[in-house]
Every structure is written in structure tokens, then in C-alpha cells.
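The first residue of the sequence shown is numbered 1, and numbering continues consecutively from there. Just so it is clear, the values below take in all heavy atoms, side chains as well, and ignore hydrogens, waters and symmetry mates. Order of listing sets the numbers, starting from 1, for every ligand and every atom in it.
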Amino acid sequence: MLVAVVGVGLVGSEFIKQLLSIPAGSSPFKLVSLSSSSHTVFFDPASAIPSVEKWKTILSESSEKPDYDGLTEKLSSLINPSTKVAIVDNTSSDKIASLYPQWLKAGINVITPNKKAYSGDLGLYEKILSVSKESGARFLNESTVGAGLPVISTLKELVATGDKVQKIEGVFSGTMSYIFNEFSTGSPDGPSFSSVVSVAREKGYTEPHPADDLNGFDVARKLTILSRTIGSSSLPPLQSFTSVQTASLIPPALEGISTGDKFLKRLPEFDADFDRMRQDASAEGKVLRFVGVVDGVKGEVKAGLEKYPTSHPFATSLGGSDNIIMFHTERYSPRPLIIQGAGAGAAVTAMGVLGDLLKLV
Ligand SMILES: NC(=O)C1=CN([C@@H]2O[C@H](COP(=O)(O)OP(=O)(O)OC[C@H]3O[C@@H](n4cnc5c(N)ncnc54)[C@H](OP(=O)(O)O)[C@@H]3O)[C@@H](O)[C@H]2O)C=CC1
Ligand SMILES: N[C@@H](CC=O)C(=O)O
Ligand code: NA
């Protein structure tokens with residue numbers, strides 16, 4: 001299988017490292033193209049693949065600019081009965097997401113942790129489904145929810161085998177999980193809100209702009225993906241992730257700040273507000289957790305900050321960037337099927353992406 005990688009940031013670089021760590025003799029993959037937002041490189045499939053040590057230099061020294069029409073043409077000309085092709089989108093770009101129908105139509109499989117296509121405009125999502133059905137090219141997106149945790153594959157199997165998903169609830173954001181696991185432990189005191197947000201960013205959990213996590217949109221996107229994957233008639237047909245009832249944590253004065261750096265610089269101005277929320281929860285013997293729910297019975301999809309007793313599993317069993325996802329179904333009732341573990345970070349996200357790629361071979 002020939003593999004083209006678009007986006008070589010945190011997850012993209014780790015994905016390339018994991019892909020190239022499969023011993024050459026036993027690897028079913030050949031890396032044929034790399035693109036950042038400013039450079040691109042295409043390798044002759046007959047030549048040797050770049051090494052883990054050299055690919056960054058080769059890409060940064062390339063004088064070619066990304067040209068996705070050209071890439072689509074080159075890749076589709078290489079497809080034949082014994083050669084499959086996949087593009088791995090490791091960006092968070094809407095522009096790249098809008099190209100999936102074109103790629104799938106050309107017979108190119110699409111693998112991605114990028115949530116934009118599956119949680120954005122319903123028209124794009126439906127187009128992806130229909131084009132993929134027509135051409136037979138597949139799109140796989142395990143890492144869009146819970147990073148490498150087997151959330152999407154589990155949900156697809158529950159649905160495909162005829163189980164009825166009643167409700168999915170949990171902590172879906174690695175960033176929000178880390179922030180509140182550190183910030184709200186049951187004690188009225190602790191580190192400042194802005195300091196834990198900065199550490200979450202340093203650890204690679206946040207979206208490129210941390211406000212995309214704190215406004216709840218990242219969770220709303222994940223809930224939209226889950227809701228669409230369930231596809232139940234009792235759930236509202238979400239036109240986009242903006243249809244999810246989402247309670248943002250962004251102070252109104254910080255709405256619309258263009259860069260993550262500027263946003264983090266001003267966040268300490270609001271530490272006292274978050275301190276008060278922590279103290280209120282603590283006075284009730286509770287902790288704060290940012291949770292999401294897709295409720296097929298009530299027909300409700302929502303995300304927001306809730307208080308939980310210090311004995312609740314959301315308070316006792318989560319650490320680091322852990323996600324916890326509970327599937328309440330006809331079969332898994334009254335006790336839900338639970339998936340838990342790191343839900344953000346380069347290594348686990350790239351693993352989910354490579355796992356999807358392995359499903360194609
Ligand atoms: N980090 C995590 O824990 C998780 C991340 N994800 C998802 O994985 C994706 C990548 O995240 P992450 O690696 O952390 O983010 P980064 O910001 O580190 O990487 C994104 C990369 O995309 C590149 N890019 C943007 N636009 C284009 C373009 N048009 N063509 C080529 N490259 C482009 C950027 O390149 P440049 O620097 O050149 O602009 C950047 O290097 C996101 O969609 C995120 O939501 C999913 C689960 C967990
Ligand atoms: N920013 C996201 C990354 C994974 O999707 C998160 O914090 O969960
Ligand atoms: Na996953």
C-alpha cells in the first residue's frame with residue numbers, strides 16, 4: 001500500500017516514526033509523499049523510502065509547494081488491482097477535510113484523526129459516505145474520538161451486530177480531563193486554572209489553539225461523530241457540531257483571540273472565577289468534570305461542566321489525559337461497556353491512525 005501523509009506536526013511526525021518503525025521486510029506500506037502547509041515531496045515508489053532521521057530535512061529542503069490536485073492525479077495513476085493507496089490527513093484543516101470526497105472518488109482511501117469532516121457540515125459527511133460507497137475506497141477515523149482508544153471501532157461493531165445504543169456518556173477531551181483532574185481534586189485549593197491549561201498544551205493534549213478545547217467544541221465535534229456513527233432515528237440529525245448544546249468555558253472577553261499564545265497570556269486574568277467554581281464544588285463534596293452525552297432515548301446531545309461526588313468514577317478513576325467512555329446499550333445493560341485510557345497525546349493518537357491503516361491491508 002502506498003501512503004501519502006498530509007500534516008507533519010505532533011501527531012503526523014509520530015505517525016511517520018511508527019510507520020517507519022515497521023521493519024522494511026515485513027511492512028505492507030511504502031511512504032510516497034509528505035506535505036506540510038508550506039512544502040511537499042513525492043518519492044518514486046520504486047526508490048528506497050526515507051529514513052526516520054532524514055524525512056524532516058528532505059521535506060524542509062524541498063522547493064515544491066503543496067498541490068493537492070497534482071497529488072490526487074499522481075496517486076490515482078498508481079492505483080491498480082495489486083496496489084492500494086491511502087492519504088493520511090494529520091492536519092486539523094477544514095480545507096484538507098473538504099478534499100476527502102475528491103480523494104475517495106479517485107479510489108484513494110482516507111485515514112485521519114482530523115475531526116473537521118465528520119463533525120462539520122452534514123452535506124460533506126453525507127458526500128463522504130456516498131462517494132466511499134460508490135468507489136469502494138474507505139475512510140477510517142478511529143483517532144477522532146478517544147485518540148487510539150477503540151471507540152469508533154467498538155461503536156461500529158455494536159451497531160453492525162444489531163445492538164441498540166441507548167446512551168454514550170463520558171469524558172471525551174484529553175485536555176479537559178487533564179485540566180480538571182489536576183485543577184479540581186475535591187480540595188478547595190490547588191494550582192491556578194491558567195497554569196494547568198498551559199501544561200496541557202506543553203504535553204501536546206490541546207488542539208493547535210487551546211480555545212478549541214476550552215470552548216467545548218472539540219467535545220461537541222466528538223459527540224457529533226458518535227451521534228452520526230450511531231445513525232439512530234431517535235437522535236437529532238445534527239447539521240454540524242454547532243447544533244450540540246455546548247457550555248463554553250471561554251471567558252467572553254477572550255472570545256475570538258487569534259492565537260493560542262495570546263489566549264494563554266490573558267487567561268490568568270480569569271483564574272479567580274475558576275477558583276470560585278472549584279471552591280463551590282468542594283463545599284458540596286464534589287469535583288468538576290467536563291462531560292459529554294449522546295442520549296438516544298431523550299434525543300439529546302450535550303457537553304458541559306458538571307459536578308460529581310468525589311466517590312464517582314469520573315472523580316476517582318481518571319488521571320492524566322484519560323478519557324472514559326460508557327456505552328449504555330440494550331446488551332450492555334444495566335452495566336455499561338466502558339473504555340478508558342489516555343485520550344490525547346502524540347503516541348496514542350498516531351497509534352490509532354496506524355491501526356486504521358493496518359485495517360486496509
Ligand atoms: N494531539 C492530540 O492529542 C490529538 C490530535 N488529534 C487530531 O490530530 C490532528 C493533528 O493534531 P496535532 O498533530 O496535535 O496538531 P499540530 O498543530 O501539531 O499539527 C498539525 C499540522 O498540520 C499542518 N497543516 C495545516 N494545514 C495544512 C495543509 N493545508 N497542508 C499540509 N499540512 C497542513 C500544520 O503544518 P504547518 O506547521 O506547516 O502549518 C501542522 O504541522 C488534529 O486534527 C487533531 O484534532 C486527534 C486526537 C488527539
Ligand atoms: N485536543 C483533543 C485532542 C484529541 O482529540 C483532546 O484534548 O482530547
Ligand atoms: Na479512538
Side-chain angles (χ1 to χ4, degrees), residues 4-16 33-41 56 59-60 64-68 71 87-99 111-120 140-156 170-181 197 200-223 225-226 229 259-260 290 292 303 320-325 339-356:
V5 177
V6 178
V8 294
L10 200 71
V11 173
S13 302
E14 173 65 22
F15 166 77
I16 294 166
S33 175
L34 298 168
S35 304
S36 68
S37 59
S38 48
H39 300 268
T40 193
V41 60
K56 269 190 189 157
L59 179 62
S60 64
E64 303 258 325
K65 301 276 166 240
D67 160 19
Y68 294 110
L71 180 67
I87 293 183
V88 179
D89 168 21
N90 289 311
T91 73
S92 59
S93 160
D94 275 305
K95 195 179 135 222
I96 300 295
S98 72
L99 300 173
I111 307 288
T112 190
N114 180 357
K115 291 162 270 242
K116 296 290 163 63
Y118 312 109
S119 62
L140 294 171
N141 60 319
E142 181 55 82
S143 280
T144 56
V145 182
L149 296 176
V151 177
I152 300 286
S153 51
T154 301
L155 179 56
K156 282 184 178 169
V171 172
F172 292 95
S173 162
T175 300
M176 293 288 213
S177 181
Y178 178 81
I179 290 170
F180 288 104
N181 295 340
V197 174
R201 191 186 194 211
E202 279 157 27
K203 286 180 177 284
Y205 300 153
T206 66
E207 292 304 299
H209 194 321
D212 290 336
D213 291 296
L214 291 179
N215 60 15
F217 284 1
D218 184 69
V219 174
R221 286 184 181 281
K222 289 167 178 164
L223 298 177
I225 293 168
L226 293 174
T229 307
T259 69
F290 197 92
S321 70
D322 282 357
N323 283 185
I324 182 166
I325 293 113
I339 295 175
Q340 182 184 341
V348 292
T349 307
M351 170 215 139
V353 179
L354 184 53
D356 274 348

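Within the 3.5 Å criterion, the main-chain N or O of Phe172 finds a donor-acceptor partner in the side chain of Lys222. A donor-acceptor distance shorter than 3.5 angstrom exists from the side chain of Asp356 to the backbone of Glu142, with no hydrogens or angles considered. Remark: the backbone N or O of Asp89 is paired with a side-chain donor or acceptor of Thr112 at under 3.5 angstrom. The closest donor-acceptor contact from the side chain of Asn114 to the backbone of Ser93 lies under 3.5 Å. Put simply, the side chain of Asp218 never gets that close to the backbone of Asp212: no donor and acceptor are under 3.5 Å apart. Remark: side-chain polar atoms of Ser177 are paired, donor with acceptor, to backbone N or O of Asp322 under 3.5 angstrom. At distances below 3.5 Å, at least one donor-acceptor pair connects side-chain atoms of Thr40 with backbone N or O atoms of Leu34. With hydrogens and angles ignored, the 3.5 Å screen pairs no side-chain donor or acceptor of Thr349 with any backbone N or O of Ala344.
Of the N or O atoms in Lys222, one or more lie within a sub-3.5 Å distance of an N or O in ligand 2. When only interatomic distances are considered, the shortest N/O to N/O separation between Thr206 and ligand 2 does not fall below 3.5 Å. The N/O atoms of Thr175, backbone and side chain alike, include one that comes under 3.5 Å of an N/O atom in ligand 2.
Using a 4.0 Å heavy-atom cutoff, Ala147 is absent from the residues neighbouring ligand 2. Contact between Met176 and ligand 2 is absent, with no heavy atom of the residue lying under 4.0 Å from the ligand.
Taking all heavy atoms of Lys203, Lys115, Arg201, Glu207 into account, the minimum distance to atom 1 (N) of ligand 2 is reached by Glu207.
Contact detail for Glu14 and Ala350: the closest heavy-atom pair is CG-CB, 3.5 Å. The shortest heavy-atom contact between Ser36 and Tyr68 is O-OH, 4.1 Å.
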Between ligand 1 and the protein, which N/O pairs are shorter than 3.5 Å?
unit_1	atom_1	unit_2	atom_2	d
ligand 1	1 (N)	Gly204	O	3.2
ligand 1	3 (O)	Gly345	N	2.6
ligand 1	13 (O)	Leu10	N	3.3
ligand 1	13 (O)	Val11	N	2.8
ligand 1	18 (O)	Leu10	N	3.0
ligand 1	30 (N)	Tyr68	OH	2.8
ligand 1	32 (N)	Ser37	N	3.3
ligand 1	38 (O)	Ser37	N	3.2
ligand 1	38 (O)	Ser37	OG	2.6
ligand 1	39 (O)	Ser37	OG	2.7
ligand 1	41 (O)	Gly9	N	3.4
ligand 1	43 (O)	Thr91	O	2.8
ligand 1	45 (O)	Lys115	NZ	3.4
ligand 1	45 (O)	Glu207	OE1	2.8
ligand 1	45 (O)	Glu207	OE2	3.3

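Around the Na ion (ligand 3), the protein N, O or S atoms closer than 3.0 Å are Glu142 O, Glu142 OE2, Val145 O, Ala147 O, Leu149 O, listed by chain and residue number.
When each atom of ligand 2 is checked for a heavy atom of Asp213 under 4.0 Å away, the hits are 1 (N), 2 (C), 6 (C), 7 (O).
Under the 4.5 Å side-chain criterion, counting only non-hydrogen atoms from C-beta, Asp213 is not in contact with Tyr205. You'll find the side chain of Val171 stays beyond 4.5 Å of the side chain of Phe290, heavy atoms only.
A salt bridge does not link Arg221 with Glu207: none of the charged nitrogens is closer than 4.0 Å to a carboxylate oxygen.
Protein heavy atom nearest atom 6 (C) of ligand 2, with residue, atom name and distance: Gly174 N, 3.3 Å.
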